[in-house]
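For this chain, numbers begin at 1 and follow the sequence in order. Each ligand, and each atom within it, is numbered from 1 in the order the structure gives.
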Amino acid sequence: MFRLFYWFMDISLVIPLYNEEESLHPLVKWITEVMSKHNYAYEIIFVNDGSSDGSWDILKELKAKHGDLIKAISFRRNYGKAAALDQGFEVASGDVVITMDADLQDSPEEIDPLYKMITEEGYDLVSGWKKKRHDPITKTIPSKLFNAVARKVSHIKLHDFNCGLKAYKNDVVKDIHVYGDMHRWMPVLAKWQGYGKIGEKVVEHRAREFGVSKFGAKRLISGFLDLLSLFFVGKFNKKPMHFFGTLGIISIAMGVIALIYLSVMKIFFDMPRIQDRPLFFFGLLTLIIGTQLFLTGFISELINDSRVKENNYNVKEKLL
Ligand code: UDP
Ligand code: MG
């Protein structure tokens with residue numbers, strides 16, 4: 001409430017949006033109504049993820065009306081929800097950072113209990129759980145599958161990894177960088193950074209009132225690919241050479257043995273036309289693939305050393 005010093009901030013709400021023009025006014029109205037019941041110093045950070053509708057104009061209106069309460073950042077193009085969150089996290093100064101969707105599916109009534117779970121119960125991260133979902137069955141069934149796999153891989157006991165409504169200690173969001181569709185796996189990334197106290201809260205979920213869902217059937221494939229790369233990166237992040245190098249050496253060894261055998265047969269036993277034998281091609285192929293695997297491991301090590309943590313999004317405009 002008493003925002004004398006700008007760094008005194010209890011809650012930063014981070015809201016990514018992509019073509020949500022109808023929802024923005026009602027959303028801010030709803031948030032301010034709910035928050036007026038509490039005494040929090042808070043800010044709402046909107047990240048416009050390259051919307052092609054009038055979302056940005058509406059954000060400018062909201063900024064003009066509410067001043068310091070609202071911060072708005074606009075990407076020049078659509079980078080995806082994770083990039084939008086990442087950008088919002090960079091700006092967020094609140095002790096607790098709460099993310100929510102812009103489409104009115106998440107209720108601001110959850111902000112207060114989420115804040116308390118972080119500050120009073122000491123959680124590093126609390127994920128919402130849309131126990132009773134208002135989404136089509138084409139979404140809910142794949143989602144159940146995802147969550148089951150994610151639980152197995154990550155050993156984090158969450159029911160709903162993908163819930164847009166999540167609360168974090170400020171340190172957590174500053175330590176994690178997400179891109180692509182990685183927003184689904186924030187709890188996993190947090191755990192890897194050493195933030196082990198991860199909780200869950202059943203949250204209210206509502207049907208979408210305006211606009212359409214931005215994630216189609218594609219989410220199925222991309223979600224699983226992300227999980228795969230997550231698993232892979234998690235396992236081999238420290239030492240990619242151990243993985244690629246081992247495979248490469250095995251492959252090269254097979255190639256060398258095959259070719260030495262053929263050479264010996266040719267030179268000492270006069271074997272005719274070795275270039276027609278399947279083993280010859282097998283030897284060449286495994287040699288080439290092995291070298292490539294080996295180089296992949298080597299390059300990964302180099303990249304690992306000089307990894308650039310910052311993502312460069314093309315930010316068009318900032319209203320802070
Ligand atoms: N979103 C975004 N960039 C994108 C896709 C979505 O910022 O490329 C935002 C979207 O505007 C919404 C939130 O992410 O605020 C969740 O998207 P959506 O409601 O479409 O997902 P669903 O609820 O269907 O899982
Ligand atoms: Mg939604």
Peer 1: Among all protein non-hydrogen atoms, which one is nearest to atom 1 (N) of ligand 1, and what is the separation to 0.1 Å?
Peer 2: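 Closest protein heavy atom to atom 1 (N) of ligand 1: Y18 CB, 3.9 Å.
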
Peer 1: What's the shortest heavy-atom distance between N147 and F161, and which atoms?
Peer 2: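 In terms of heavy atoms, the two residues are closest at OD1-N, 2.8 Å.
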
Peer 1: Less than 6.0 angstrom separating the ring centers of F294 and F244, yes or no?
Peer 2: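 That pair fails the under 6.0 Å test.
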
Peer 1: Is the shortest distance from a Lys or Arg side-chain nitrogen in R273 or D276 to a carboxylate oxygen in the other one below 4.0 Å?
Peer 2: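 A salt bridge links R273 with D276.
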
Peer 1: If you count the atoms of ligand 1 from 1 in the order shown, which ones are under 4.0 Å from a heavy atom of N78?
Peer 2: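 This gives 3 (N), 4 (C), 8 (O) as the contact atoms.
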
Peer 1: Do Y195 and Y168 make the cut of ring centroids closer than 6.0 angstrom?
Peer 2: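 No - the distance between ring centres of Y195 and Y168 does not fall below the 6.0 Å cut-off.
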
Peer 1: Using a strict 4.0 Å threshold on nitrogen-to-oxygen distance, state whether R206 and E204 make a salt bridge.
Peer 2: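 Yes, this pair counts.
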
Peer 1: What is the nearest protein non-hydrogen atom to atom 19 (O) of ligand 1, stated with its residue, atom name and distance?
Peer 2: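 The closest one turns out to be D103 OD2, 2.5 Å.
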
Peer 1: Strictly below 4.0 Å, N to O, side chains only: are K166 and E110 in salt-bridge contact?
Peer 2: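 Between E110 and K166 there is no salt bridge, as every charged N stays at least 4.0 Å from the carboxylate O atoms.
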
Peer 1: Give the atom numbers and elements of ligand 1 that come within less than 4.0 Å of a heavy atom of D49.
Peer 2: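 Per the distance check, 2 (C), 3 (N), 4 (C), 7 (O), 8 (O).
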
Peer 1: Considering P16, A84, S143 one by one, which has a heavy atom nearer to atom 9 (C) of ligand 1 than any of the others?
Peer 2: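 Going through P16, A84, S143 one by one, P16 has the nearest heavy atom to atom 9 (C) of ligand 1.
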
Peer 1: Verify whether the ring centers belonging to F215 and H183 lie closer than 6.0 Å.
Peer 2: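 Yes, they do, as the ring centres are separated by less than 6.0 Å.
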
Peer 1: Hey, looking at atom 18 (P) of ligand 1, which of R208, Q105, R133 has the closest heavy atom?
Peer 2: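 The nearest heavy atom belongs to R208.
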
Peer 1: Check each of F75, F46, F215 against atom 17 (O) of ligand 1 and report the one with the nearest heavy atom.
Peer 2: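 Minimum heavy-atom distance to atom 17 (O) of ligand 1 goes to F215.
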
Peer 1: To the nearest 10 degrees, how large is the angle at the Mg ion (ligand 2) between D103 OD2 and Q105 OE1?
Peer 2: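 OD2 of D103, the Mg ion (ligand 2) and OE1 of Q105 span an angle of about 90°.
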
Peer 1: What is the nearest protein non-hydrogen atom to atom 14 (O) of ligand 1, stated with its residue, atom name and distance?
Peer 2: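 The closest one turns out to be K81 CD, 3.4 Å.
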
Peer 1: For atom 5 (C) of ligand 1, which protein heavy atom lies nearest, and how many Å away is it?
Peer 2: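 Going by distance alone, atom 5 (C) of ligand 1 is nearest to K214 CB, 3.4 Å.
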
Peer 1: Quick one: nearest non-hydrogen protein atom to atom 25 (O) of ligand 1, plus distance?
Peer 2: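 Ranked first by proximity to atom 25 (O) of ligand 1 is R219 NH2, 3.3 Å.
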
Peer 1: To check you understand the geometry: which heavy-atom pair defines the closest contact between I98 and A167, and what is its length?
Peer 2: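 I98 and A167 have their closest heavy atoms at CG1-CB, 3.9 Å.
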
Peer 1: Under 4.0 Å, counting heavy atoms only: does G80 come that close to any atom of ligand 1?
Peer 2: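 Distance cut 4.0 Å: G80 passes for ligand 1.
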
Peer 1: With a 4.0 Å cut-off on N to O distance, would you call D101 and K81 a salt bridge?
Peer 2: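 Here D101 pairs with K81 in a salt bridge, since their nearest N and O are under 4.0 Å apart.
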
Peer 1: Give the atoms of ligand 1, by number and element, whose distance to some non-hydrogen atom of K139 is under 4.0 Å.
Peer 2: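 Reading through ligand 1 atom by atom, the close ones are 22 (P), 24 (O), 25 (O).
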
Peer 1: Go through ligand 1 atom by atom and flag the ones less than 4.0 Å from a non-hydrogen atom of E20.
Peer 2: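 Under 4.0 Å from E20, ligand 1 has these atoms: 10 (C), 11 (O), 12 (C), 15 (O).
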
Peer 1: Need the ligand 1 atom indices (1-based, order shown) with element for anything under 4.0 Å from a heavy-atom of L17.
Peer 2: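 In order of number, 7 (O), 11 (O).
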
Peer 1: Which one of G50, G211, A102 has a non-hydrogen atom at the shortest distance from atom 15 (O) of ligand 1?
Peer 2: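 Looking at heavy atoms only, the winner is A102.
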
Peer 1: Strictly below 4.0 Å, N to O, side chains only: are D270 and K266 in salt-bridge contact?
Peer 2: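 Salt bridge absent between D270 and K266.
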
